[in-house]
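Single-structure report; data block below.
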Amino acid sequence: MKRCSLFFALVSLILLSCEEEGVKVPRPRMYPKVDYPAKAYKDFDNKDCSFTFRQPVYSVVVQDSFQFEGRPASDCWFDIQTKNLNASLHCSYYPLSEKHNLSSLINDAFTLAGKHNIKANYRRENKIETENGVKGILFEMEGPVASPVQFYLTDEKKHFFRGSLYFNARVDSDSTRPVLQFIMADIDTMITSFKWRN
C-alpha cells in the first residue's frame with residue numbers, strides 16, 4: 001500500500017510538472033513616451049560673447065567646465081541642455097587669430113564630423129548663409145552616430161562658432177528620430193537668428 005501511494009504521488013508530481021505553458025508571443029517593440037514642450041524662444045545674450053541668437057525657453061545654458069591650465073577654455077564655451085529631451089548642444093567659440101585661423105578651424109570642423117563616418121549610414125552637408133552675414137556648414141549624419149548634427153558658423157573675418165548635438169543616452173536612430181526632428185527646428189531657429197556683435 002505504501003508503494004502504491006508513493007507511486008501515485010510520484011506520477012502526480014510528474015504530471016503536474018509537465019503542465020503545458022501557453023504559446024509565447026514576442027512583445028511589440030516600444031519606445032518611451034516623450035512629452036514635447038511648446039515651442040517658444042528667448043534671446044541668448046551673454047555680454048561676454050561676441051554673438052547672440054534665439055534659444056528655446058525650455059533649454060538651459062550651462063557653462064563648460066573643461067579646464068585648460070586651471071581655467072575654462074573660454075567664457076563662450078557652453079552647453080545648451082534640453083533635459084526633458086535628454087539632449088545637449090555643445091557650443092564653442094574662437095575669435096579668429098594667427099593661432100586659430102579660419103582654415104584650421106574649418107578643417108577641424110570637417111575632421112570632427114568625419115569621425116562619425118564609421119557609424120554613419122549617410123552624411124549630408126548643407127551650406128549656411130543668412131541675412132545677418134553668417135556663413136557655415138551644417139552636417140547631418142544618419143545612423144547610430146554619437147552626434148547626429150554638427151555645424152559651424154563664421155563671418156570669415158573675426159569669428160568662428162561651432163555646435164554639436166549629443167543625446168545623453170545610447171543612440172538608436174529609430175527612437176531618437178522624432179526627438180531629433182523636434183530639436184532640428186530649434187537649431188534652425190538658432191542659426192537663422194544668429195548675429196555677430198561686431
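The analysis underlying the following values was restricted to heavy atoms, covering all of them including side chains, and did not include hydrogens, waters or symmetry mates.
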- Within the side chain of Thr154, is there an N or O that forms a donor-acceptor pair under 3.5 Å with the backbone of His159? yes

- Query: If you look at every heavy atom in Asp79 and Cys91, which pair is closest and at what distance?
  - Reply: OD1-N, 4.4 Å

- Query: For the residue pair Phe160 and Tyr93, is the inter-centroid distance of their aromatic rings smaller than 6.0 Å?
  - Reply: no

- Flag side-chain contact, heavy atom, 4.5 Å: Leu89 against Ile183: no

- Note on the structure: To the nearest 0.5 Å, atom CD of Gln63 lies from atom CG of Asp48 at 8.5 Å

- Lys/Arg cation over aromatic Phe182: Lys39, 6.0 Å, 45° cone: yes

- Query: Can you say whether the rings of Phe139 and Phe110 are parallel (under 30°), tilted (30 to 60°) or perpendicular (over 60°)?
  - Reply: perpendicular

- Message: Hydrophobic clustering (ILVMFWY, side-chain heavy atoms < 4.5 Å, transitive) - are Trp77 and Val60 grouped together?
- Response: no

- Message: Between Glu142 and Arg124, does any NZ, NE, NH1 or NH2 come within less than 4.0 Å of an OD or OE carboxylate oxygen?
- Response: yes

- Query: Should the pair Glu140-Arg123 be classified as a salt bridge under the 4.0 Å nitrogen-to-oxygen rule?
  - Reply: no

- Is there a side-chain contact between Phe53 and Thr192 (heavy atoms, below 4.5 Å)? no

- Task: Say whether, by atom type as modelled, one donor and one acceptor occur between the side chain of Ser104 and the main chain of His100 under 3.5 angstrom.
- Result: no

- Message: Give me the atom names and distance for the closest heavy-atom approach of Asn101 to Leu96.
- Response: C-CD2, 4.2 Å

- Which heavy atom of Gly133 sits nearest a heavy atom of Trp196, and at what distance? O-NE1, 3.9 Å

- Determine, using the 4.5 Å side-chain heavy-atom cutoff (strictly less than), whether Val61 and Phe151 are members of one ILVMFWY cluster. yes

- Query: For Leu165, does its backbone N or O pair with a side-chain atom of Ser147 as donor and acceptor, under 3.5 Å?
  - Reply: yes

- Evaluate the criterion side chain to side chain contact (heavy atoms under 4.5 Å, CB included) for residue pair Leu112 and Gln150; output intermediate values, then yes/no. CA-CA 9 Å; Leu112 290 168; Gln150 297 185 28; 4.0 Å; yes

- Determine whether Phe167 and Leu180 make a side-chain contact, defined as any pair of heavy atoms from C-beta on separated by less than 4.5 Å. yes

- Yes or no on ring-ring contact (aromatic ring centres under 6.0 Å, His included) for Tyr166 and His90, after CA distance, side-chain angles and deciding distance? CA-CA 8 Å; Tyr166 288 88; His90 300 290; 5.0 Å; yes

- Query: Under 4.5 Å between any side-chain heavy atoms of Lys135 and Asp155, yes or no?
  - Reply: no

- Message: According to a hydrophobic-cluster definition based on side-chain heavy atoms being under 4.5 Å apart (Ile, Leu, Val, Met, Phe, Trp, Tyr only), do Ile80 and Tyr41 belong together?
- Response: no

- Message: Just so I know, are the side chains of Ile128 and Thr130 near enough to count as touching, which here means a heavy-atom distance under 4.5 Å?
- Response: yes

- Message: Against Phe161, only a single residue in Tyr94, Tyr152, Phe44, Phe194 fulfils ring pair (Phe, Tyr, Trp, His ring centres under 6.0 Å); can you say which?
- Response: Phe194

- Note on the structure: Correct closest heavy-atom pair for Tyr58 and Ala38 would be CE2-O, 3.4 Å

- Task: Check whether any side-chain heavy atom of Val149 lies under 4.5 Å from a side-chain heavy atom of Leu138, and answer yes or no.
- Result: yes

- Query: If you measure from CE on Met141 to CD on Glu125, what distance do you get to the nearest 0.5 Å?
  - Reply: 9.0 Å

- Message: Taking NZ in Lys42 as the centre, count heavy atoms belonging to other residues, nucleotides or ligands within less than 6.0 Å. Is the count above 12?
- Response: yes

- Message: I'd like to know whether Cys49 forms a disulfide bond (SG atoms under 2.5 Å apart) with Cys76, so could you lay out the CA-CA distance, the side-chain angles of the two residues, the decisive distance to 0.1 Å, and finally the verdict.
- Response: CA-CA 6 Å; Cys49 298; Cys76 295; 2.2 Å; yes

- Find the distance between CD (Glu129) and CG (Leu153) and round it off to the nearest 0.5 Å. 12.0 Å

- So, the side chain of Asn86 versus the backbone of Asn168: is there a donor-acceptor pair under 3.5 Å, distance only? yes

- Kindly determine whether Asp186 and Gln55 satisfy side chain to side chain donor-acceptor pair (under 3.5 Å), including the steps that lead there. CA-CA 7 Å; Asp186 297 337; Gln55 74 175 81; over 6 Å; no

- Message: For Arg54, is there an ion pair with Asp43 - N to carboxylate O distance below 4.0 angstrom?
- Response: yes

- Item | Verify same cluster id: Val57, Val179 (apolar side-chain graph, 4.5 Å) | yes

